[in-house]
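One structure is given here, and the rest of the page talks about it.
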Amino acid sequence: MELHKQKVPVWFWMIAVVFLLWNFMGVLSFLAHTFITEEALAKLPHAERELYGDYPLWTTIIFAIAVFGGFIGSIGLVLRKKWAKLAFILSLCAIIPQMIHNVFFTKSMEVYGSGQAATMPIMVVVFGVLIIWFAHFSIQKKWLK
């Protein structure tokens, strides 16, 4: 019995690698924010230092779920696994409350201005939705198993 192997286009791999790099940057951001040294914190402007005190523990936990869920999902995407979509959904479920908290329940708008404070959260949510759609599309095309 011969198995029919689904040919995956080159652009799939390019997109999968872009999402992997995007989510790896998220992991690096999480590590930088979570494990910032006292020396590095002291070098920040006063208003930015105060922002670090505005984040309750639950936001750090959902930040971890968001970035590691997205990174694991991206690895699954590169490995062509269907479970990648579930990891991306879990990631987005953490991204949304994290971004709502960051934008509306901290002083980030005052510290960075509305443009800078809102741009990255919007990008993160859009990428989160887009990557779920891409994983779903890839499952429909039978590129993920």
Side-chain angles (χ1 to χ4, degrees), residues 6-145:
Q6 185 68 23
K7 179 83 168 143
V8 179
V10 172
W11 59 266
F12 167 89
W13 297 109
M14 294 182 342
I15 292 171
V17 168
V18 166
F19 282 132
L20 181 65
L21 294 173
W22 170 261
N23 282 295
F24 181 67
M25 288 188 311
V27 169
L28 294 178
S29 175
F30 170 78
L31 295 173
H33 281 84
T34 305
F35 299 106
I36 190 168
T37 64
E38 290 297 324
E39 295 82 25
L41 195 58
K43 291 178 183 176
L44 294 175
H46 178 71
E48 286 185 46
R49 280 196 309 267
E50 282 185 344
L51 272 180
Y52 274 86
D54 285 348
Y55 294 104
L57 177 61
W58 68 267
T59 61
T60 303
I61 293 168
I62 63 170
F63 190 7
I65 293 168
V67 297
F68 288 106
F71 185 66
I72 290 167
S74 293
I75 290 170
L77 195 61
V78 170
L79 296 175
R80 297 181 50 207
K81 300 296 181 184
K82 283 184 181 179
W83 53 258
K85 181 181 172 186
L86 182 60
F88 294 137
I89 291 169
L90 177 67
S91 176
L92 184 63
C93 287
I95 288 169
I96 292 170
Q98 177 198 7
M99 295 303 139
I100 288 170
H101 178 269
N102 288 357
V103 173
F104 299 109
F105 296 98
T106 67
K107 295 179 181 176
S108 64
M109 293 284 207
E110 295 171 25
V111 174
Y112 299 116
S114 59
Q116 187 177 349
T119 300
M120 191 56 132
I122 291 169
M123 281 180 50
V124 170
V125 171
V126 167
F127 267 64
V129 170
L130 185 62
I131 200 166
I132 292 169
W133 173 84
F134 184 70
H136 180 75
F137 176 80
S138 298
I139 290 168
Q140 287 183 321
K141 291 289 189 178
K142 299 188 183 343
W143 297 338
L144 304 184
K145 303 170 190 135

So how far is it from Leu79 CG to Lys145 NZ, rounded to the nearest 0.5 Å? 11.0 Å
Take a 6.0 Å sphere around CE of Met109 and say whether it holds more than 12 heavy atoms from other residues, nucleotides or ligands. yes
Give a yes or no on whether the backbone of Met25 and the side-chain of Ser29 come within a donor-acceptor separation of less than 3.5 Å. no
Within-4.5 Å side-chain heavy-atom neighbours: Ile131 and Asn23: yes
Measure the NZ-CZ distance between Lys7 and Phe12 for me, rounded to the nearest 0.5 Å. 12.5 Å
Sub-3.5 Å donor-acceptor pair from the side chain of Ser138 to the main-chain atoms of Phe134, do we have one? yes
Please indicate whether Glu38 has more than 12 foreign heavy atoms, meaning atoms of other residues, nucleotides or ligands, lying under 6.0 Å from its CD. no
Applying side-chain hydrogen bond (donor to acceptor under 3.5 Å, both in side chains), name anything that partners Lys85, two or more places apart in sequence or on another chain. His136
Sub-4.5 Å side-chain heavy-atom contact between Val18 and Ile15: no
When you look at CZ of Phe68, are more than 12 heavy atoms from neighbouring residues, nucleotides or ligands closer to it than 6.0 Å? yes
Fit a plane to each ring of Phe63 and Phe30, take the angle between them on a 0 to 90° scale, and name the class: parallel (under 30°), tilted (30 to 60°) or perpendicular (over 60°). perpendicular
Looking only at heavy atoms, the pair that brings Ala84 and Gly76 closest together is CB-C, 3.8 Å
Do Ile95 and Phe88 have side chains that get closer than 4.5 Å, going by heavy atoms? no
Is there a side-chain contact between Arg80 and Trp13 in this structure, where contact means two heavy atoms from C-beta onward sitting under 4.5 Å apart? yes
Using side-chain heavy atoms (C-beta onward) and a distance below 4.5 Å, is Ile72 in contact with Leu90? no
One should read off an interatomic distance between Leu51 CG and His46 NE2, to the nearest 0.5 angstrom, of 10.5 Å
Measure the shortest side-chain to side-chain distance between Ser108 and Val111 over non-hydrogen atoms and say whether it is less than 4.5 angstrom. no
Going by heavy atoms in the side chains, are Phe19 and Val78 under 4.5 Å from each other? no
